2 protein chains.
Amino acid sequence: MVKRTSFENDPCPVARALEVIGDWWSLLIVREAFFGVRRFNEFQGKLGLAKNILASRLRTLVEHGILRPVPAADGSAYHEYLLTPKGQGIFPILVALRQWSEQFDPRPEEIATVLVDRNNGRPVRTLELHAEDGRLLSPADTTLQPRSTAKSKKAGTRSSATSN
Amino acid sequence: MVKRTSFENDPCPVARALEVIGDWWSLLIVREAFFGVRRFNEFQGKLGLAKNILASRLRTLVEHGILRPVPAADGSAYHEYLLTPKGQGIFPILVALRQWSEQFDPRPEEIATVLVDRNNGRPVRTLELHAEDGRLLSPADTTLQPRSTAKSKKAGTRSSATSN
DNA sequence: CGCAATCAGTTTCATCATGCAACCAGAAAG
DNA sequence: CTTTCTGGTTGCATGATGAAACTGATTGCG
């Protein structure tokens, strides 16, 4: 790789997100955390990844404020990894990934689980993008605007490099 | 790497999605495609990635049915890469990533752009997960159920391994 | 038509990251 | 107090990534 290119200074929010959670394991670790997995060995057992990789990922997830090590839990001297609010904010991303697979996977019959409303056991709705006034928006109904730095509001039409 | 572990047979739809678009460049390529980028050099210029990597990524995106090479376009003998419906289905994932950055990035002032309604230039709403009946759902309001194989409807409480 | 520049890659080659396995210290259990 | 469990770290082997150089068509231009 000669240094995997870093996106942390990229002005694109998508790139910035990928910089943090865009690797092969981080999102799966977070997914497990959503299901109550908290301990090192538990993550390792569920995901089957190497311990050094897990240790490394947990470290960076903690550094990025996605997981938080809490001192104890059941009384033992070890610690557990809990989702922070920032970590919980990843939920829509997981849902979007899941729904994309559900819709387009070439072998959907191999998908084992469905995300349901705990209340009545019925599948959740597909995520939709809405306008401020509630209208449903398709990709084509949207554009990127340069971030309004306190002023300016219209602009549209993207310009240079990796600027979206 | 001694063979990066593959998720393509994992029953978890999140893992399956990551198998396809979970690397460092694919989602950014798709993002550019949403903005009308179509040609090899154009991708390369915007993203600044090595040509061999780009060639490799484009190939797998085409293999997975996310991009489609169309013979011509402006009359030249080259071809262009267009998003398929499956590729367009990635939009919510990009939006979810973008919104996560917007909400939790430690230096949000460095984010250059805002996704707006093309109609009136106002920011779009944040993605929300809703129940079938329209109620807003938080992560805690949801569970995973084993996929109903024609029959059965209640079950809850996840069981074994990487099964969500 | 002839030649230079462009497009779309492919081919080395060096370096980095990943994965496996082995090892290890501190805590808990017996 | 020896054993086991937890939560790692260390040391390779190998694959993935990236920079740069190279190639073979295609186009642009005089």
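In this text the structure is predicted, and so the values were computed from the model without any measurement. Order of the sequence lines fixes the chain letters, A, B, ..., with proteins taken first and strands second; residue numbering starts at 1 for each chain. Worth knowing before you read on, the calculation uses all heavy atoms, side chains too, and leaves out hydrogens, waters and symmetry mates.
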Heavy-atom pair of closest approach, residues Thr84(B) and Gly65(B):
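Between these two residues, the closest heavy atoms are OG1-O, 2.5 Å.
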Determine the minimum heavy-atom distance between His79(B) and Val70(B), stating which atoms define it.
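Between these two residues, the closest heavy atoms are CB-O, 3.0 Å.
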What do the steps show when you test Glu109(B) against Arg147(A) for salt bridge (Lys or Arg N to Asp or Glu O under 4.0 Å), and what is the final call?
CA-CA 9 Å; Glu109(B) 69 279 7; Arg147(A) 195 172 64 91; over 6 Å; no
Measure the distance from [atom1] on [X] to [atom2] on [N] and round it to the nearest whole Å.
X	N	atom1	atom2	answer
Asp23(A)	dC16(C)	CG	P	19 Å
Arg38(B)	dA8(C)	CZ	C1'	17 Å
Ile53(B)	dT11(C)	CD1	C1'	13 Å
Leu58(A)	dG7(D)	CG	C1'	10 Å
Lys51(A)	dT9(D)	NZ	C1'	10 Å
Glu42(A)	dT6(D)	CD	P	10 Å
Phe40(B)	dT26(D)	CZ	P	17 Å
Asn41(B)	dT6(C)	CG	C1'	8 Å

Go through the N and O atoms of the side chain of Asn52(B) and the base of dG18(D), and report whether any donor-acceptor pair is under 3.5 Å.
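Present.
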Think [X] has a side-chain N or O under 4.0 angstrom from the OP1 or OP2 of [N]?
X	N	result
Arg39(B)	dA8(C)	yes
Thr5(B)	dG19(C)	yes
His79(A)	dG26(C)	no
Tyr81(A)	dG8(D)	yes
Arg59(B)	dT10(C)	yes

If you measure from the Lys or Arg side-chain nitrogens to the Asp or Glu carboxylate oxygens, is any gap between Arg16(A) and Glu19(A) under 4.0 Å?
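The answer is no: the pair does not qualify as a salt bridge.
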Considering only side-chain heavy atoms of Tyr78(B), which listed nucleotide, dG8(D), dC5(D), dA25(D), is closest?
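Output: dA25(D).
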Mapping Ala55(B) and Trp25(A) to their closest nucleotides on DNA chain C, which lands nearer the 5' end?
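Going by which nucleotide is closer to the 5' end, it is Ala55(B).
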Nearest-nucleotide comparison on DNA chain C, the residue closer to the 5′ end among Leu49(A) and Ser56(B)
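So the residue in question is Ser56(B).
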Ring center gap for Phe7(B) and Trp25(A) short of 6.0 angstrom
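Yes; Trp25(A) has its ring centre under 6.0 Å from that of Phe7(B).
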